[in-house]
Amino acid sequence: REMPADRFARFQPLAGMLAALLFLTGLLVFRNDPPSETDVAATFSYWQDDRGRHQIVALLLTPLMGLLLIFFGAGLRRRLSFGSEDSGHGLVAFGGALLAAGTFLLVGMLEAAMTNAAKDGNRQAVYALNQLHSYDWLAWNAAFAALLLATGLGALRNAMLPKWLAWATIVIGASLLTPVGFFGFILLPVWLFVTGFWLTFRDSAARGTGGVAEKRLPSGAAEAVFRD
């Protein structure tokens with residue numbers, strides 16, 4: 001078989017680029033979300049105002065983001081398994097993508113519930129849900145740390161990504177497990193876009209040269225094949 005040859009496989013890295021754009025949109029929209037320290041009145045007022053925007057984010061943006069991450073994660077799993085001697089990097093990366101997608105769906109449900117509770121005037125429900133919403137970063141950081149660390153380490157084995165991008169992936173992934181994880185989280189849209197673009201470009205180049213045979217190769221041989 002050639003890697004990747006079908007339209008479905010070619011869409012997978014593009015899904016990462018689309019996810020990056022939606023992720024950036026979400027960061028801009030969520031930048032003023034009330035933190036856990038916000039009092040009940042201010043929290044209720046925030047979710048009561050501009051209900052339409054919150055509903056669009058909750059019911060459209062977050063489910064689509066989750067869907068795109070699943071596609072992107074599946075593409076990473078396929079590429080990481082090439083020449084890696086079943087090291088498991090692809091499986092861990094895909095698991096991280098699934099957890100991240102599930103977290104986006106959970107955030108969407110929380111936001112939809114808060115806007116509805118605010119519409120009904122239920123202040124305590126809004127405040128309680130916002131407390132959960134304020135700590136969604138715990139799941140996101142764990143999910144994206146698994147996704148990036150597995151991708152970066154796997155890319156060093158089979159040269160799926162250039163070394164500078166593989167190391168940048170590892171650094172960003174590791175940062176998500178530290179007190180400076182916020183900065184790593186802000187860089188995630190950039191990473192998704194750059195990685196998706198690189199894989200799309202590399203796949204196009206491979207098709208232009210007749211494709212790459214997809215078979216299990218030792219790590220050094222796989223690196224030589226990718227670089228060709």
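With hydrogens and angles disregarded, a donor-acceptor distance shorter than 3.5 Å links the side chain of Thr38 to the backbone of Pro35. Side-chain atoms of Arg79 come within 3.5 Å of backbone atoms of Gly75 as a donor-acceptor pair (strictly under, hydrogens ignored). A donor-acceptor contact shorter than 3.5 Å links the side chain of Asn141 to the backbone of Leu176. The closest donor-acceptor contact from the side chain of Thr62 to the backbone of Ala58 lies under 3.5 Å. Not one N or O on the side chain of Ser45 forms a donor-acceptor pair closer than 3.5 Å with the backbone of Ala41. Asn130 contributes no side-chain N or O that, together with a main-chain N or O of His133, makes up a donor-acceptor pair within less than 3.5 Å.
When ring centroids are compared, Phe71 and Phe11 come within the 6.0 Å threshold. Between Phe104 and Trp140, the gap from one ring centroid to the other is short of 6.0 Å.
Taking the six-membered ring where tryptophan is involved, the planes of Trp198 and Phe201 are tilted, since the angle between them lies from 30° to 60°.
Residues Met17 and Phe72 fail the side-chain proximity criterion, which asks for heavy atoms closer than 4.5 Å. Residues Phe23 and Phe185 are in side-chain contact: their nearest non-hydrogen atoms beyond the backbone lie under 4.5 Å apart. In this structure, the side chains of Leu148 and Val171 stay at 4.5 Å or more apart for every pair of heavy atoms.
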